[in-house]
Amino acid sequence: MNIRIDDLPVRDELRGKSPYGAPQLDVPVRLNTNENPYPLPEPLVERIAERVREAARHLNRYPDRDAVELRTRLAEYLTRTGGHRVGLANVWAANGSNEVIQQLLQTFGGPGRTAIGFEPSYSMHALIARGTGTGWISGPRNDDFTIDLAAAEKAIAENQPDVVFITTPNNPTGTAVPPETVVALYDAAQAAKPSVVIADEAYIEFSHGHSLLPLLEGRPHLVISRTMSKAFGAAGLRLGYLAAHPAVVDAVQLVRLPYHLSAITQATALAALEHTDTLLGYVEQLKTERDRLVTELRALGYEVTPSDANFVQFGRFDDAHEAWQKILDRGVLVRDNGVPGRLRVTAGTPEENDAFLDAVRELKKEQPV
Ligand SMILES: *Cc1c(COP(=O)(O)O)cnc(C)c1O
């Protein structure tokens with residue numbers, strides 16, 4: 001019998017939907033998912049093996065449910081780099097920041113509640129909202145993809161959302177949100193009704209500006225979400241974390257699965273945190289390459305959105321999907337996020353970026369913009 005998803009008694013809001021995911025194609029140059037192009041350095045690989053071997057000796061037991069050592073080290077990293085002192089009680093970790101966001105929506109969203117995001121932005125926010133039964137409101141942006149503050153404040157006042165998402169630097173457009181805008185949106189959200197504001201800082205290490213961490217002071221409804229998938233070059237590890245008032249950390253305990261973070265994950269993340277200086281060295285190289293992509297794309301006549309991340313949004317194309325295909329035909333995979341007329345390219349190694357720039361140079365000859 002040929003049974004498909006929609007023949008099953010799935011929830012109404014999941015009917016006819018497709019799962020999230022960029023096409024994973026086997027091409028020479030893959031610049032489509034904002035991963036770090038550099039493999040982990042060998043001394044770190046050795047350290048992971050050591051820590052995992054030690055953890056393996058205790059796999060008959062459940063892991064530390066509260067991940068105390070890991071959260072302590074994450075808090076130290078945040079304090080050292082974020083311009084604001086946080087401790088164990090302010091930090092929570094899960095399997096990728098996607099799980100952090102899911103736990104936050106399970107805690108502060110859910111059936112009968114709503115979340116707002118300013119689109120185009122990270123599409124997983126809306127998808128996790130759907131998965132947790134949280135209503136989704138699509139907020140506005142300006143033509144240059146910055147947040148239209150007046151329109152955003154109005155949307156918050158009108159809709160009274162329970163959760164507000166601010167992605168900074170924003171994905172897929174690349175630009176960071178000024179702290180004043182975040183404060184204004186936080187105030188607007190609190191005026192409408194006490195709601196949680198989630199600042200998704202997945203790319204903050206690549207930014208020209210600073211983390212929003214100091215804004216946590218006196219703002220108990222602000223949550224800053226982070227990940228080791230991008231700057232730390234550890235997308236395969238699946239480790240995300242948040243910083244917030246300790247009460248927020250207590251609240252997510254109500255929904256987290258017991259022992260959600262495996263002993264192997266904790267051991268691997270701890271090893272990576274011992275090597276932050278090396279890993280952040282790669283971030284500097286990637287920022288230089290990102291700036292080169294911006295400069296060279298502009299020199300070719302493309303319109304480029306200012307980037308604080310490890311990727312660059314560029315255009316305009318009459319038909320972005322056709323341009324995506326033509327770049328792919330030249331062996332380079334970039335991302336079509338569905339933003340009209342634009343594509344997104346991840347900063348890779350210098351060689352990968354050269355291959356990309358060659359491809360768009362040829363494209364430009366074919367279709368002058
Ligand atoms: C990549 C990305 C994440 C990372 O998700 P993980 O689950 O930590 O890998 C989170 N937020 C945004 C905006 C991203 O682009």
Side-chain angles (χ1 to χ4, degrees), residues 19-22 24 30-37 40 67 70 74 77-78 91-106 115-129 131-132 139 141 145 147 163-177 182 197-207 211-212 223-243 252 256 260-262 265-266 268-269 272-273 279 283 286 290 305 307-313 334-339 344-348:
Y20 174 84
Q24 290 186 308
R30 282 185 297 180
L31 300 174
N32 67 328
T33 52
N34 299 345
E35 291 152 315
N36 192 315
L40 298 180
L70 176 59
L74 287 167
Y77 167 70
L78 288 174
V91 174
W92 180 245
N95 297 282
S97 52
N98 275 283
E99 188 181 39
V100 169
I101 290 163
Q102 175 168 283
Q103 291 177 345
L104 287 167
L105 283 175
Q106 287 175 324
I116 190 171
F118 306 98
E119 295 182 314
S121 189
Y122 186 47
S123 57
M124 277 311 299
H125 295 158
L127 289 181
I128 300 171
T132 57
R141 277 183 190 267
F145 302 107
I147 292 179
V163 177
V164 177
F165 281 100
I166 304 170
T167 311
T168 178
N170 189 46
N171 178 16
T173 59
T175 316
V177 182
V182 175
V197 176
I198 303 173
D200 185 336
E201 286 196 335
Y203 300 97
I204 194 67
E205 285 93 342
F206 299 101
S207 178
S211 170
L212 297 173
V223 183
I224 295 180
S225 146
R226 293 284 197 98
T227 179
M228 293 179 79
S229 295
K230 309 287 162 53
F232 276 82
L237 163 61
R238 310 305 304 131
L239 201 288
Y241 54 105
L242 66 76
V252 295
R256 60 115 179 87
H260 68 298
L261 213 49
S262 88
T265 300
Q266 294 186 42
T268 309
L273 283 162
L279 297 173
V283 167
L286 288 169
R290 179 264 324 270
T305 314
S307 176
D308 289 285
N310 65 337
F311 57 82
V312 177
Q313 176 177 269
V334 297
R335 186 73 174 270
D336 175 7
N337 291 90
V339 181
R344 187 193 73 189
V345 60
T346 305

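Every number for a ligand or one of its atoms is a count from 1 in the order of the listing. The model shown is predicted, which means the values in this text are computed figures rather than measured ones.
- Applying the salt bridge (Lys or Arg N to Asp or Glu O under 4.0 Å) test to pairs two or more places apart or on separate chains, none has a residue in residues 163-173.
- Near ligand 1, residues Gly96, Ser97, Asn98, Tyr122, Thr167, Asn171, Asp200, Ala202, Tyr203, Thr227, Ser229, Lys230, Arg238 come within 4.0 angstrom through at least one heavy atom.
- The side-chain hydrogen bond (donor to acceptor under 3.5 Å, both in side chains) check on Ser123 picks up nothing, with sequence neighbours excluded.
- Between Arg344 and the choices Leu31, Asn171, Val339, the side chain to side chain contact (heavy atoms under 4.5 Å, CB included) rule is met once, by Asn171.
- Ring pair Tyr77/Phe232 is perpendicular by interplanar angle, where above 60° counts as perpendicular and below 30° as parallel.
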- Test log, rule salt bridge (Lys or Arg N to Asp or Glu O under 4.0 Å), inputs Arg226 and Glu205: CA-CA 10 Å; Arg226 293 284 197 98; Glu205 285 93 342; 3.6 Å; yes

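- In this structure, Gln266 has no side-chain hydrogen bond (donor to acceptor under 3.5 Å, both in side chains) partners at least two apart in sequence or on a different chain.
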